[in-house]
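The structure appears right after this line, and notes come after that.
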Amino acid sequence: MNAATMSERAAPAPAPPVLLAAEAVGVSYGRVRALESLSFGIHGGGTVLVLGLNGAGKSTLMRALAGVVPLRSGRVTLAGRDISTMPAHRRVRHGISLVPEGRGVLPGLSVRENLELGWHAAARSRRGGLDEAVGRMLALFPTLGGRLRQDCQTLSGGQMQMLAIARALLSRPAVLLLDEPSLGLAPIVTADVYEALAGLGGEGVATVIVEQKAVPMRVIPDTVLVLGNGRVVHESHGVRPSEEELARLYLHEGERT
Amino acid sequence: MSRAWRARDGLVVAAAAVAVVMTELSGSSYWIYSLCLVGIYAVVAIGFNIALGLAGQVSFAQVAFMAVGGYATALLTTKAHADPWLALLAGTALGAALSFVLNLPFLRLSGHYLGMATLALALGVQSFAENASSITGGALGVFGVPSLTLGSFSLAVHSRFYVVVWTACALCLTVYYLTAKSHLGRAWRAIAARPDVSASLGINVSRARILALVLAGTMAALSGGLWALLLNYVAPDYFGLAMIGNIFFMVIAGGMGSLAGPLVGAAFVVLVPQEMSSLGQWQGVVLLAMLLGVLVLWPTGLLGDPRAAGSITALLPARLRAMPTRTGKAGS
């Protein structure tokens, strides 16, 4: 499979080293197999888009990469090191940051306190000054600017999503995992969110994005995986799947279940 | 919590400090003894405010660690003839150690399940104190606990012991204040708000939870030890369901996660029943009605952030809600 995709690529440049890799990863919830033998890799600054319907195993994949759910089989490596059994809070220190489905902002805590938690999660050597780090995020998401003291519950859905992403970025991730960032957002807000994400690759941050439907991504993902019933049903490299193709894949998936 | 509420919190603590000093200067033995009790209750409540108010850990086991501190102080002084100060310290340290060891297996549990397990532990410890008569004196308890002394200076006089109690209380408040505003405090509140996402924020959830429970257990044991030294006596019936109820009420009615909340809660729990003693047999009913009233009218506690709760008027039927407003016109 890898050889075929390599030959399809026009550029003969050597493939950059894989930063985060899932190798034949399987996850079960009790007897239910949520994910079966899933493999993919992402290099520094790269983008992987994971598509699929509800229950396809997308969130499970993200949770497995973040270390929130244990693997039943296979392994996850970060820069060649097996981190399969590393607890979630330590993975953050090592550069894997998850923006969970539904944003996961912390009610009762102010916007600033949410950001401080993210900043504190970064490895000490990479943290930098808090105010400067918060300032960087406010430049990226100006809408959060006047709201630092507000309880984050009072934010709009789009602002919460931006806060969740800003909080994750403050932990200085090498890999950012985004679980359905467009969920519940108006198309124009989704576009804003993706606009902010567009520059991350240039800074060397690898992003794995899970979505249900096509999203306004400016960069063409290095890899697109389409999941169905916990398995990869379609994989493409360097191309964006068309709406028709997705519809066909989803429909096909619907027939199988 | 917003700045305004934090400022009000500080004001209440300052007012409490003034009241504590004034009471000592007044020399009124009734009030000094009452405030000794308030201080001792406040110590356990401040600890529980860390576990429940900040970290969201529903643990009924505080009373068990209170019993550990009380019995350890009583037994070390009466049976081993240890210095009461040393016994108090040892009892507190034992409470810390036991709250670490006993809470470790509970890290697998949360919410109602943690509540159930810790309730079983609390009742188990009380039952042990009642039944292991050869060690604990059974239902009668341990008599003859000596009072604290400083050299030849006895602290048996309540106005002197009072200083010890309120110093301990100030120490606990300081620990609460410093941890609450640190990263650990934010991590606790994150765990209370969203335990599921806290780990992916780099928070070591198990470590933060056990730290909260151990701080709570330590303060509970200190409170138990002070209790034994004040009454010169411990008995199992102090450490039962009534005390569990008091501990929860002090923190919840005082205002979870508020600095001054446990002080207000402790004052309520100690002083209101005392002042109502003329009601005789109806005292319990009236007290419980007052407690319910506080909880319904101030669901986030007397010092909690009222914005976190729905308005009480929302409970009224629409017709009553449409009563004349301040402008004199009927509401729509």
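To find a chain, count down the sequence lines: A is the first, B the second, and so on, and within it residues start at 1. Everything numeric in this text was worked out from a predicted model, so none of it was measured.
- Summarising the geometry of B:G202 relative to A:A121, their closest heavy-atom pair is CA-CB, 4.2 Å, with the distance given to 0.1 Å.
- With a 4.5 angstrom heavy-atom cutoff, A:V99 does not touch chain B via any of its atoms.
- Residue A:R136 qualifies as enclosed at atom CZ: its count of foreign heavy atoms under 6.0 Å is above 12.
- Proximity of B:R189 to A:E113: side-chain heavy atoms (C-beta onward) are separated by under 4.5 Å at one or more points.
- Nearest heavy-atom pair across B:I203 and A:H89 is O-CB, 3.2 Å.
- When all heavy atoms of A:V92 and B:A199 are compared, the pair lying nearest together is CG2-O, 3.9 Å.
- Summarising the local packing, OH of B:Y113 is surrounded by 12 or fewer heavy atoms from other residues, nucleotides or ligands at distances under 6.0 Å.
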CA sep, side-chain torsions, deciding dist, call: B:N204, A:R90, side chain to side chain contact (heavy atoms under 4.5 Å, CB included): CA-CA 8 Å; B:N204 186 339; A:R90 284 192 51 213; over 6 Å; no

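- Listed here is the closest heavy atom pair of A:L106 and B:A190: CD1-CB, 3.6 Å.
- Remark: A:L117 CG to B:H183 NE2 distance equals 6.0 Å, nearest 0.5 Å.
- When each of A:Q150, A:R63, A:E116, A:H120 is checked for heavy-atom pairs under 4.5 Å with chain B, A:H120 comes out on top.
- The environment of B:F100 atom CZ is sparse: at most 12 non-hydrogen atoms of other residues, nucleotides or ligands sit within 6.0 angstrom.
- Looking only at side-chain heavy atoms (C-beta outward), A:P107 and B:R194 come within less than 4.5 Å of each other.
- Residue B:Y177 qualifies as open at atom OH: its count of foreign heavy atoms under 6.0 Å is 12 or below.
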